Amino acid sequence: MKLEAKYQRATFVAVLFVLLLTATSYYILIYNALINQLDESLKVEEQEITNFVNVNKYLPEESHFSDQQIDFDSTDKIVSRKFISSKIYSKEEKELELIRQLIFTVKVKDAYYIATVSKPQSETEDLLILILLNTAGVILFLFVVLFIANRIFIKKLWQPFYIMLHQMKEFNLARPGKLAMVGTKIEEFTALEEAWTNLTKKINKDYETLKSFVDNASHEMQTPLAIVNSKLDLLIQDSHLTKDNVLHLQSMYDAINKLTRLNQSLLLLAKIEYDQFPGKQEVDLNELIKQRLIGLEELIQGRKLQVTTNLSAMKVLMHPQLADMLVSNLLINAIRHNIPGGNIYIEGNEEHFSIQNTGEANELNRHTVFNRFQKHSQSDGVGLGLAIVKQICETHHFLVIYAFNNGIHHFELTLKT
Amino acid sequence: MKILIVEDEPELSKSIEAYLKSEHYICEVAKDYAAALNKVDAHEYDCILLDIALPDGNGLSILKEIKSNRRTDGIIIISARNSIDDRINGLNLGADDYLPKPFHLSEMSARVSAVIRRRKLGGNSLILFNELSIDTKAKEIFVHTTRLELTKKEFQLLLYFVVNKGKVISKNAIAQHLWGDDMSSADNFDFIYTHIKNLRKKLQDAGSGDYLKAIYGMGYKLTAT
């Protein structure tokens, strides 16, 4: 829910509550005042009747006007004087009408009479309707005014916030831009801006440190590897090596080779992760796949694999080195985990790229297949190939999924999402 | 042929020096930027192996210095940073080749030999080995006067052996040379065996001696005898 909607709702509830309360209390106050006034005029009538009887010693005539009715009924006992509200049927308006009555006892000579003076109370009803209509009008008017005012005011008030939010959304570590100052005088927003500026400064600094760490780690590890490698190259020139020596040396070569690839893969992953491959170009994956298949020909033939391709133009925006890495890793994965005499099916167009291969009979765990160092025990890879594939896909907003069907392992990339 | 090795890691420069000396190159070593600059100012070299990350300066400045004097020294950049940007940067500044660490000494030696051929001999040299003559420009190999019909990989392989003659070349180094980073699994060493077998047969059919020797468990060697 948007801030504005939330604020509008809260305001409306408050306004509604206050206005209803006001309307109710108005109604009670005015109703009472009017009833009092009515009662006063009934009392005046009472006084007039009493005076008339005192002077003339007989009852005045009953009267039946629409705004005032006077009735007399003989009685044998004195009733107590009281004001009542009741309803009578009005012949003129053909409906029940609310009236206010004053009942009191009049003594003429030795006889008692109950006098009833009635006045219509419809004026108070009209008033009620008037007040309700008025209140409704005020509520409606207030709502409209408040809605518009809130809208303008909130927009203006929160503008610095939205500017900052936009900056945060656009924030990219790989391309640190200067933050535009929002220029607000609201204390909370100045504090937020300050916190945000400090945070980005720190993040950028940490990122720079990390970047140089990645660079340095690369340098620091490659050189010792180069030394060991070169010493081995010199060592094997020795003609006095025994067969055992030679086997040990070969194991060392293989271990160094693996360590080198591991180091390169980890550095590559870090570099992709930290978006250090700016400069996307249009790359035709179709061409790339064809080239890589030629490069991997011997590997494919060595395992007697049958490769079937169904490719059309696959132009995508990618960093060329990453495109190459993506295609190589997927192809090598399909070759390396294949069975002798197996098949590889490659399909691709502008939207999809899929590689299917025969392989081990069991399904791989689809939740962990792209994890780092997730490898099959028989594999001599370092277990980072598919993690690199996943990472490259993520930075390019491609979707990559693994599926398994009838002994076929299937990697499917959605290039346009 | 005179080579300058600019490398701050003494153990690595010792290895490079030992290997190149055994191939009859004359080697000098500079262990930092200042020493390298002094040597470059004083002498011309056929090839300079240049580590660009030096403790007291960037090796690329030495490259610029050499190139600004219109010198013909061949230059191979050695770098721990195997990044495309670095490579392009170095080659744009006039380096002849770019060799990422770690590398095999046989690979390094082959690159040195190629750079010297290109730089000093205009690429027109014939590499001679007994009855073999290799025309690196036309990419042709002759046994006496018979032209060998070789595949691209067989040509690369034989050239690699000839420029590293007398040296044991590990299977890892051969795989790296022929296939780059793609081919690293141990089971793929079978392909090397197949290539060597085919190459040996083609050489013998053309009347060449059998110079390719398998070194048990290790690799292969081209020997003159």
Side-chain angles (χ1 to χ4, degrees), chain A residues 215-216 218-239 241 243-250 253-254 256-261 263-264 267-268 271 276-277 279 292 295-299 301-303 319-321 328 331-332 335-336 379-382, chain B residues 7-16 18-19 22 51-53 78-85 99-109 153 164 166-173 175-176 178-192 194-195 215-219 221:
Chain A
D215 275 357
N216 291 339
S218 160
H219 183 226
E220 297 308 323
M221 279 177 80
Q222 304 287 48
T223 304
L225 284 171
I227 293 171
V228 180
N229 219 18
S230 70
K231 298 296 171 194
L232 283 172
D233 286 342
L234 290 176
L235 204 52
I236 59 168
Q237 307 306 329
D238 190 339
S239 53
L241 293 171
K243 284 191 173 186
D244 271 355
N245 290 158
V246 161
L247 292 180
H248 294 328
L249 288 175
Q250 184 58 48
Y253 262 128
D254 291 341
I256 291 292
N257 187 1
K258 203 163 177 175
L259 193 56
T260 306
R261 281 191 294 143
N263 189 32
Q264 280 166 353
L267 289 170
L268 179 71
K271 278 175 84 175
Q276 287 177 28
F277 286 96
R292 299 309 279 155
L296 294 165
E297 213 174 355
E298 281 141 313
L299 260 181
Q301 284 168 1
R303 298 197 175 207
H319 190 281
Q321 202 187 343
S328 298
L331 290 177
I332 288 173
I335 295 167
R336 194 171 276 164
S379 159
D380 66 337
V382 291
Chain B
E7 167 61 58
D8 62 314
E9 183 56 59
E11 284 306 324
L12 188 56
S13 58
K14 269 193 227 164
S15 298
I16 298 172
Y19 198 88
S22 72
D51 186 348
I52 48 174
I78 306 173
S79 173
R81 285 156 222 264
N82 185 14
S83 80
I84 294 274
D85 291 344
L99 190 59
K101 287 181 188 174
F103 48 81
H104 288 284
L105 293 177
S106 48
E107 180 68 36
M108 183 259 326
S109 169
K153 289 229 160 67
N164 281 292
K167 292 281 187 301
V168 178
I169 305 177
S170 68
K171 285 180 279 191
N172 299 67
Q176 180 77 32
L178 292 187
W179 292 288
D181 289 333
D182 287 346
M183 193 77 79
S184 28
S185 329
D187 59 344
N188 304 320
F189 290 150
D190 291 346
F191 306 137
I192 297 172
T194 312
H195 278 301
I215 308 297
Y216 170 79
M218 198 75 255
K221 179 169 155 179

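Model, not experiment: these values are computed from the prediction. In what follows, every chain begins at residue 1, and chains take the letters A, B, ... in the order their sequences are listed.
Per-residue heavy-atom pair counts under 4.5 Å with chain B were compared for A:L225, A:V228, A:L234, A:L232, and the maximum is reached by A:L234.
A salt bridge does not link A:D233 to B:K167: none of the charged nitrogens lies less than 4.0 Å from a carboxylate oxygen.
Checked against side-chain contact (heavy atoms from CB on, under 4.5 Å), A:Q301 has the following partners two or more places apart in sequence or in another chain: A:E297. Taking B:K221 as the reference, B:V168, B:I215, B:T223 meet the side-chain contact (heavy atoms from CB on, under 4.5 Å) condition, with sequence neighbours excluded.
For B:E11, the parts sitting under 4.5 Å from any heavy atom of chain A are the backbone and the side chain alike. The contact between A:I236 and chain B is made by backbone and side chain atoms together, counting heavy-atom distances below 4.5 Å.
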**Request:** Decide ring-ring contact (aromatic ring centres under 6.0 Å, His included) for B:H104 and B:Y19; before the verdict, give the C-alpha distance in whole Å, the side-chain angles of both, and the deciding distance to 0.1 Å.
**Result:** CA-CA 11 Å; B:H104 288 284; B:Y19 198 88; over 10 Å; no
